[in-house]
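This report concerns only the one structure given below.
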Amino acid sequence: MKSFINYDQNSDFSIHNIPFGVGVFSNEYIACCTRIGDMVIDLATLYDYGFFDEIEGINENVFEAYTLNEFIELEKPVTNAVRLKIQQLLDENSKLANDEKTIEECFFNADQVRMMMPVHIPNYTDFYSSIEHATNVGKMFRDPANALLPNWKHLPVGYHGRASSIVVSGTDIIRPKGQMKPADVESPIFGPCKQLDFELEMAFIVNKNTEMGESISTAEAEDAIFGMVIFNDWSARDIQSWEYVPLGPFLGKNFGSSISPWVVTLEALMPFRTESPKQEPEVLDYLKFEGDKNFDINLEVYIKPENGTENLISKSNYKFMYWNMTQQLAHHTINGCNVEVGDMYASGTISGENPNSFGSMLELTWRGTNPLKLKDGEERKFINDNDTVIMKGFAEKDGMRVGFGEVSGKILPAN
């Protein structure tokens, strides 16, 4: 495939991608959109001009909505047909290639469009599915010889997080305050978090509603997953370490999480399937799956100090995940938990075996004992005020590149 829109060969938004998002166009109106290269395409106006008339199951202009939820809820037969139609329209030999009026009204330079939260998120769950990350944390906080808890290799560990504080890339995050108990004091203290961290994650979004009592099997899971975003699960380590026993993450996590604005469909990622790590011991039947369910997605993390340059501090990959998306969704619903359109399920921190592939400052600096040195000579144990953390993700194979763009967030001082 070749598009009539020219773009750099290293663009995340090739004709092989066709992601979906929601944008504010020229500060005038909001519409669902897609992107190719540096051009953002207004899908609501394309619909009004009849470009999707032949697609069965789309009977109204769902692209006029302020989120993708209505579109996603049409499920795969419709959403896949729309994606393929957009690819056809963008082909160099399509009728649209010479339709100057439609191009002028529907195609915008990316810098003319302000991206919004792509979906309304009714519910959010965060998993803990990287064996390297779980092992590193276990070594730091528990017994290095028995880093993983007994249940870890038997089920995808997770917790229900706070959906209301998930924000789109470019939204500032205020340093949280809370209780902490440093090792050298007898009683807890209150104040701004001193160990603010990021967590490099991916998240998937579901496209259907189920009833209480229903389950989604590993075989059915991919039909229920619309697409993915990059996810930064900001973490206040000192608040978290004091509060998380016995019920787990709370104020150390719920002050903010950041996502990339473009939802990359599962279909765009299919060429990048790869096998999962071997799971031992053998999992229970409801967690068994067939085929390659992991995805080879390169991930990068950068720190940018205020008025400074970007520092690449981690290079990881989504293929390291021990528990894959189909297992996560099957486990989440095996007890009859119902899901809703737009629900978001984050992977947990994605770390590899190499120290340069660790997905958090907690691991990269080994709880602050081995600070990172930046280009300007400064050091970081955790994230400072006015630092910006940037995460990027992309897959490449056989001349195809499908990427997510980036998710960035700047830390502002505590109020």
Side-chain angles (χ1 to χ4, degrees), residues 1 3-5 13-25 28-36 39-91 93-99 101-108 113 115-122 204-211 216 220-229 261-270 339-344 402 404:
M1 291 184 289
S3 175
F4 67 85
I5 298 293
F13 306 107
S14 69
I15 196 170
H16 304 286
N17 192 344
I18 315 299
F20 292 91
V22 177
V24 182
F25 289 81
E28 293 179 357
Y29 66 96
I30 296 170
C32 300
C33 50
T34 188
R35 178 168 175 172
I36 184 164
M39 302 299 293
V40 175
I41 304 167
D42 166 10
L43 296 177
T45 305
L46 271 188
Y47 179 94
D48 286 340
Y49 285 178
F51 284 96
F52 301 119
D53 285 354
E54 66 194 58
I55 297 175
E56 294 184 9
I58 181 167
N59 303 315
E60 59 181 339
N61 195 344
V62 294
F63 303 115
E64 292 179 327
Y66 287 10
T67 70
L68 292 170
N69 292 53
E70 288 183 52
F71 173 59
I72 290 172
E73 192 171 1
L74 298 174
E75 296 192 23
K76 299 277 181 141
V78 176
T79 57
N80 286 349
V82 168
R83 177 175 171 270
L84 291 174
K85 180 63 177 179
I86 294 168
Q87 281 184 322
Q88 294 167 6
L89 292 172
L90 291 173
D91 186 85
N93 297 313
S94 73
K95 291 183 180 179
L96 182 59
N98 299 308
D99 186 343
K101 179 178 183 296
T102 300
I103 291 173
E104 183 179 351
E105 294 195 22
C106 298
F107 287 63
F108 293 76
V113 183
M115 299 305 296
M116 300 175 58
M117 279 289 291
V119 292
H120 166 66
I121 306 168
F204 67 85
I205 299 165
V206 299
N207 64 5
K208 63 176 58 183
N209 299 302
T210 61
E211 298 293 329
I216 300 172
E220 298 166 329
E222 288 188 349
D223 282 339
I225 297 172
F226 173 70
M228 301 183 71
V229 294
W262 293 106
V263 183
V264 176
T265 64
L266 211 55
E267 287 64 40
L269 296 169
M270 288 303 174
V339 303
E340 299 182 73
V341 173
D343 280 0
M344 187 166 287
V402 170
F404 294 78

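Ion pairing of K76 with E267 is present here, as a side-chain N (NZ or NE/NH1/NH2) and a carboxylate O approach within less than 4.0 Å.
Looking at heavy atoms from C-beta onward, R35 lies out of side-chain contact with V113 at the 4.5 angstrom threshold. Taking 4.5 Å as the limit, some side-chain heavy atom of L46 sits within range of a side-chain heavy atom of L43. Here the side chains of Y49 and D99 are not in contact, with every heavy-atom distance at 4.5 Å or above.
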Audit row: F108, C33, side chain to side chain contact (heavy atoms under 4.5 Å, CB included) steps and yes/no: CA-CA 10 Å; F108 293 76; C33 50; over 6 Å; no
Check against side chain to side chain contact (heavy atoms under 4.5 Å, CB included), M117 and T67: CA-CA 7 Å; M117 279 289 291; T67 70; over 6 Å; no
Worked verdict on W262 versus V40 for side chain to side chain contact (heavy atoms under 4.5 Å, CB included): CA-CA 11 Å; W262 293 106; V40 175; 4.0 Å; yes
Passes side chain to side chain contact (heavy atoms under 4.5 Å, CB included), I58 versus Y47? Steps please. CA-CA 10 Å; I58 181 167; Y47 179 94; 4.0 Å; yes
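The distance from atom CD1 of I205 to atom CZ of F20, rounded to the nearest 0.5 Å, is 12.5 Å. Note: N93 CG to N98 CG = 9.5 Å, rounded to the nearest 0.5 Å. Of the inter-residue distances, the one linking K208 atom NZ with I72 atom CD1 reads 13.5 Å to the nearest 0.5 angstrom. From F107, atom CZ reaches atom CG of L90 across 5.5 Å, with rounding to the nearest 0.5 Å. With values rounded to the nearest 0.5 angstrom, E222 atom CD is found 6.5 Å from I225 atom CD1. Taking NZ from K95 and OG1 from T102, the interatomic distance works out to 12.0 Å, rounded to the nearest 0.5 Å.
When the shell of 6.0 Å around OH of Y66 is examined, it contains 12 or fewer heavy atoms from other residues, nucleotides or ligands.
Between the side chain of E70 and the backbone N or O of F63 there is no donor-acceptor pair closer than 3.5 Å. Not a single donor-acceptor pair under 3.5 Å links the side chain of T34 to the backbone N or O of I41. For N209 (side chain) and V341 (main-chain N/O), a donor-acceptor pair under 3.5 Å exists by modelled atom type. Here the side chain of N207 pairs a donor or acceptor atom with the backbone of D223 at under 3.5 angstrom. Checked by atom type and distance alone, the side chain of D343 never pairs as donor or acceptor with a backbone atom of V206 at under 3.5 Å.
Of all heavy-atom pairs spanning P261 and M116, the tightest one is CB-O, 4.3 Å. For the pair I103 and A97, the tightest heavy-atom approach, listed with the atom from each and the gap, is CD1-O, 3.8 Å. The minimum heavy-atom distance between C32 and A65, with the atom names listed, is SG-O, 3.7 Å. Contact detail for F4 and S94: the closest heavy-atom pair is CE2-OG, 4.1 Å. K85 approaches F51 most closely through the heavy-atom pair CE-O, 3.1 Å. Heavy-atom minimum distance, A268 versus N17: CB-O, 3.6 Å.
The aromatic rings of F71 and F226 sit perpendicular to each other, their planes meeting at more than 60°, with 30° as the lower class boundary.
Residues Y29 and D42 bring a donor and an acceptor atom of their side chains to less than 3.5 Å of each other.
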